[in-house]
Participant: 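One structure, as structure tokens, below. Some questions next.
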Amino acid sequence: MGTEITLDVGGVAVTYSKNHRGIDHGSIFQEQDRKAIRSDQINYEWYEKNDENPESHEMAFTRRLRHVAPRLELLGFNLERVRREYGVIASEWKGEELYLHEGEERTPPIEPMSFIEFMNFAIAHPIGSLDDTFVSPSSGHESAAQIQVRFKGKGIERIPAYGLSSSPSFSEREFFMRLINILHPYSVLRVLAEAEANRDAAVVWQYGPLAEAGWAAEREFFPNARRTETFLIATEGSSDVHILRHALALLRPEVADFFRFIDVSESHPFSGTGSLVKFAEGLAKIDVHNQVLIVFDNDAEGLEAHQRLSTLMLPVNMRSVMLPQLEEFCSFPTQGPEGVHHTDINRRAAAIECYLDLNAGNHPPAKIRWTNYKKNLDTYQGALEFKEGYCKQFLKQTRDSLDRGTYDVRKIEAVLDYLIAECVAIAVDQFDPTDVEPLNLF
């Protein structure tokens with residue numbers, strides 16, 4: 001008989017393998033997701049009879065779909081990529097779908113659902129609302145119709161590959177999954193995550209039975225983003241690294257393992273905008289295969305460097321960005337020769353420390369002091385006073401202190417959301433529609 005290993009969502013498989021590990025799904029999980037859960041492949045009576053503990057046989061990774069979705073995006077499976085993948089499959093199916101009738105007459109192919117129609121159909125039927133009762137083939141020809149009642153009149157015959165998997169030996173829930181399971185398994189999960197009713201569904205990769213049966217070694221099942229799936233974040237200075245790394249650990253722990261930074265434990269190897277530009281140019285010239293995001297400050301020097309780097313043709317696995325412009329910076333206290341004024345510091349003076357809580361700590365009111373003139377941009381560069389103190393105050397924050405609400409993280413969260421979105425775009429840009437595999441039926 002052998003042993004199966006599946007990736008399930010809400011108790012139904014989106015992909016499976018038999019007698020081997022199959023697809024490595026470790027990237028969508030983290031270590032805290034590893035736990036023992038009950039398995040229908042375990043003979044619990046034997047364990048009870050022999051007074052044995054089945055825990056090693058039950059080991060799995062399990063995580064709610066709402067917490068899997070952000071990881072899918074960083075792996076390149078956002079809705080835009082899923083739309084492109086579906087378009088390829090629907091187009092190929094339309095070209096091949098010819099129905100034969102008596103006398104060898106042919107009718108025009110059925111027009112497949114648009115992606116929006118397909119997605120709306122998928123999210124209109126939450127997994128938990130579907131009947132999981134197994135329908136036996138012995139039920140006769142009515143069994144297939146019995147489990148299709150809920151979907152009558154929904155145009156399911158327009159779903160690519162409809163009818164290619166017509167065995168009645170499944171439940172309503174499995175029938176639904178076979179209808180939509182025509183994409184990469186992660187694309188299917190990403191579509192299902194659009195339904196709020198699905199977001200607490202458990203995504204489970206249970207490896208215990210396979211490992212215990214000897215078909216795979218337990219060491220083959222480990223979590224976290226693989227090295228080729230991570231993003232190298234290159235910044236202007238050491239403080240940027242410390243702040244971003246700490247912010248990810250505190251505010252986006254569910255995806256923090258996707259990001260790597262230059263080692264600045266001794267010193268920053270290429271501090272300053274000029275050195276960062278040269279570093280990026282070097283990476284582009286040697287055609288580095290790492291996914292790289294070059295991050296400049298939202299100030300005049302950062303703008304000048306970003307514009308210089310934008311003239312290069314960077315490979316699809318590299319991007320150059322500046323810290324995001326924020327409304328809070330449109331009228332900010334600044335000190336110059338003519339005294340203190342409220343000025344727009346976007347693209348002029350907003351280094352990463354400006355995105356921290358500037359009311360934290362025992363500092364005078366936050367203020368930018370204008371420094372050198374940038375002739376190429378016809379503007380002045382500015383610097384935040386006491387920025388080292390703001391940085392130290394942030395690095396002292398813990399999850400508990402943030403939960404107490406005494407530290408404002410809205411601006412640094414905006415930075416994280418922006419950088420994560422840029423990394424998702426890098427991952428999606430590398431998707432080649434010509435690499436789409438045949439329909440994911442099983």
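We use all heavy atoms of the structure for the numbers below, so side chains are in, but hydrogens, waters and symmetry mates are not. Bear in mind the structure is a predicted one, so any value in this text is a computation, not a measurement.
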Participant: Could you go through Thr3 and Gln41, starting from their C-alpha distance and side-chain angles, then the distance that decides it, and tell me whether this counts as side chain to side chain donor-acceptor pair (under 3.5 Å)?
Facilitator: CA-CA 8 Å; Thr3 306; Gln41 294 195 84; 4.9 Å; no
Participant: Donor-acceptor pair, Gln381 side chain versus Ala300 backbone, under 3.5 Å?
Facilitator: yes
Participant: Taking atom OG of Ser114 and atom CE of Met119, what is their separation to the nearest 0.5 Å?
Facilitator: 9.5 Å
Participant: Does His67 reach the side chain of Gln30, with side-chain heavy atoms less than 4.5 Å apart?
Facilitator: no
Participant: To the nearest 0.5 Å, how far apart are CG in Leu276 and CG in Asp297?
Facilitator: 9.5 Å
Participant: Find out whether Glu301 and Lys374 are in side-chain contact, i.e. whether some heavy atom of one side chain is under 4.5 Å from a heavy atom of the other.
Facilitator: yes
Participant: Answer yes or no for Arg173 and Phe176: cation-pi contact, defined as NZ/CZ to six-membered ring centre under 6.0 Å and angle to ring axis within 45°.
Facilitator: no
Participant: Using side chain to side chain contact (heavy atoms under 4.5 Å, CB included), reason through Val204 and Leu7 one step at a time and then give a plain yes or no.
Facilitator: CA-CA 6 Å; Val204 178; Leu7 181 69; over 6 Å; no
Participant: Consider only side-chain N and O atoms of Ser56 and Glu212, and report whether a donor and an acceptor are under 3.5 Å apart.
Facilitator: yes
Participant: Going by heavy atoms in the side chains, are Leu416 and Leu248 under 4.5 Å from each other?
Facilitator: yes
Participant: Under a 4.5 Å cut-off applied to non-hydrogen side-chain atoms, are Glu353 and Ile243 in contact?
Facilitator: yes
Participant: So how far is it from Ile89 CD1 to Phe115 CZ, rounded to the nearest 0.5 Å?
Facilitator: 11.0 Å
Participant: Side chain to side chain contact (heavy atoms under 4.5 Å, CB included) for Leu402 and Arg399? Distances and angles first, verdict last.
Facilitator: CA-CA 5 Å; Leu402 295 186; Arg399 187 65 257 180; 3.8 Å; yes
Participant: Salt bridge (charged side-chain N to carboxylate O under 4.0 Å, His left out) for Arg199 and Glu194? Distances and angles first, verdict last.
Facilitator: CA-CA 8 Å; Arg199 294 179 71 79; Glu194 283 299 287; 5.3 Å; no
Participant: Please round to the nearest 0.5 Å and tell me the distance separating atom OG1 of Thr273 and atom CG of Leu309.
Facilitator: 11.0 Å
Participant: Once you round to the nearest 0.5 Å, how far does CZ of Phe258 lie from CG of Leu74?
Facilitator: 5.5 Å
Participant: Within 45 degrees of the ring normal and closer than 6.0 Å to the centroid, is that where the cationic atom of Arg404 sits relative to Tyr407?
Facilitator: no
Participant: Kindly say whether Gln397 contributes a backbone atom to a donor-acceptor pair with the side chain of Ser401 at under 3.5 angstrom?
Facilitator: no
Participant: Are the side chain of Asp24 and the backbone N or O of Gly26 linked by a donor-acceptor pair below 3.5 Å?
Facilitator: yes
Participant: Taking the side chain from Asp299 and the backbone from Ala383, do they hold a donor-acceptor pair closer than 3.5 Å?
Facilitator: no
Participant: Strictly below 4.0 Å, N to O, side chains only: are Glu422 and Arg319 in salt-bridge contact?
Facilitator: yes
Participant: Report yes if some heavy atom in the side chain of Phe61 is under 4.5 Å from a heavy atom in the side chain of Val203; otherwise report no.
Facilitator: no
Participant: Give a yes or no answer on whether the side chain of Glu236 reaches the backbone of Phe296 with a donor-acceptor pair at less than 3.5 Å.
Facilitator: no
Participant: At what distance, to the nearest 0.5 angstrom, does CE of Met177 lie from CD1 of Ile127?
Facilitator: 4.5 Å
Participant: What is the minimum heavy-atom distance between Ala350 and Cys354, and which atoms define it?
Facilitator: CA-SG, 3.8 Å
Participant: Is a salt bridge present between Arg71 and Asp257, judged by a nitrogen-to-oxygen distance below 4.0 Å?
Facilitator: yes
Participant: So which atom in Ala122 and which in Leu192 form the shortest heavy-atom distance, rounded to 0.1 Å?
Facilitator: O-CD2, 4.2 Å
Participant: Could Asp357 and Lys411 be called an ion pair, given the rule that one side-chain N must be under 4.0 Å from one carboxylate O?
Facilitator: no
Participant: Is atom CZ of Arg227 surrounded by more than 12 heavy atoms (other residues, nucleotides or ligands) closer than 6.0 Å?
Facilitator: no
Participant: Do Phe118 and Tyr86 have their ring centres less than 6.0 Å from each other?
Facilitator: yes
Participant: Could you tell me whether Asp344 and Arg348 have a side-chain N and a carboxylate O separated by less than 4.0 Å?
Facilitator: no
Participant: So which of Met59, His25, Glu220 actually passes side-chain contact (heavy atoms from CB on, under 4.5 Å) with Tyr207?
Facilitator: Met59
Participant: Given salt bridge (charged side-chain N to carboxylate O under 4.0 Å, His left out), test Glu80 with Arg83 step by step and report yes or no.
Facilitator: CA-CA 5 Å; Glu80 171 58 22; Arg83 182 192 64 77; 2.6 Å; yes
Participant: Quick check: closest heavy atoms across Ala225 and Thr230, and the distance to 0.1 Å?
Facilitator: CB-CG2, 4.0 Å
Participant: For the residue pair Asp400 / Thr398, report whether a side-chain donor-acceptor contact shorter than 3.5 Å exists.
Facilitator: no
Participant: With side chain to side chain donor-acceptor pair (under 3.5 Å) as the criterion, how do Asn298 and Asn346 come out once you've worked through the C-alpha distance, each side chain's angles and the decisive distance to 0.1 Å?
Facilitator: CA-CA 6 Å; Asn298 176 20; Asn346 283 301; 3.0 Å; yes
Participant: Between Phe221 and Ile5, is any pair of side-chain heavy atoms under 4.5 Å apart?
Facilitator: yes
Participant: Do Glu85 and Ser187 have side-chain atoms, one donor and one acceptor, less than 3.5 Å apart?
Facilitator: yes
Participant: Ring centroid separation for Phe332 and His342, is it under 6.0 angstrom?
Facilitator: no
Participant: Can you confirm if the aromatic rings of Phe151 and Phe175 lie within a centre distance of less than 6.0 Å?
Facilitator: yes
Participant: With a 4.5 Å limit on heavy-atom distance, are the side chains of Gln430 and Ile426 in contact?
Facilitator: yes
Participant: Flag the pair Asp8 / Val14 as yes when at least one side-chain heavy-atom distance between them is below 4.5 Å, and no otherwise.
Facilitator: no
Participant: Is it the case that Asn224 and Glu31 place a side-chain donor and acceptor less than 3.5 Å from each other?
Facilitator: no
Participant: Taking the basic N atoms (NZ, or NE/NH1/NH2) and the acidic carboxylate oxygens, is any pair closer than 4.0 Å for Glu304 and Arg308?
Facilitator: no
Participant: Could you tell me whether Arg63 sits above the aromatic face of Phe29, with NZ or CZ closer than 6.0 angstrom to the six-membered ring centre and within 45 degrees of the axis?
Facilitator: no
Participant: Is it true that Glu328 and Arg410 make a salt bridge, defined as a side-chain N closer than 4.0 Å to a carboxylate O?
Facilitator: no
Participant: Would Glu58 and Ser39 satisfy side chain to side chain donor-acceptor pair (under 3.5 Å), going step by step from the backbone distance to the final call?
Facilitator: CA-CA 6 Å; Glu58 296 176 315; Ser39 169; over 6 Å; no
Participant: Identify the heavy atoms of Tyr418 and Pro324 that sit nearest to each other, and give their distance.
Facilitator: CD2-CD, 3.7 Å
Participant: Identify whether the distance between the nearest side-chain nitrogen and carboxylate oxygen of Lys278 and Glu281 falls below 4.0 Å.
Facilitator: no
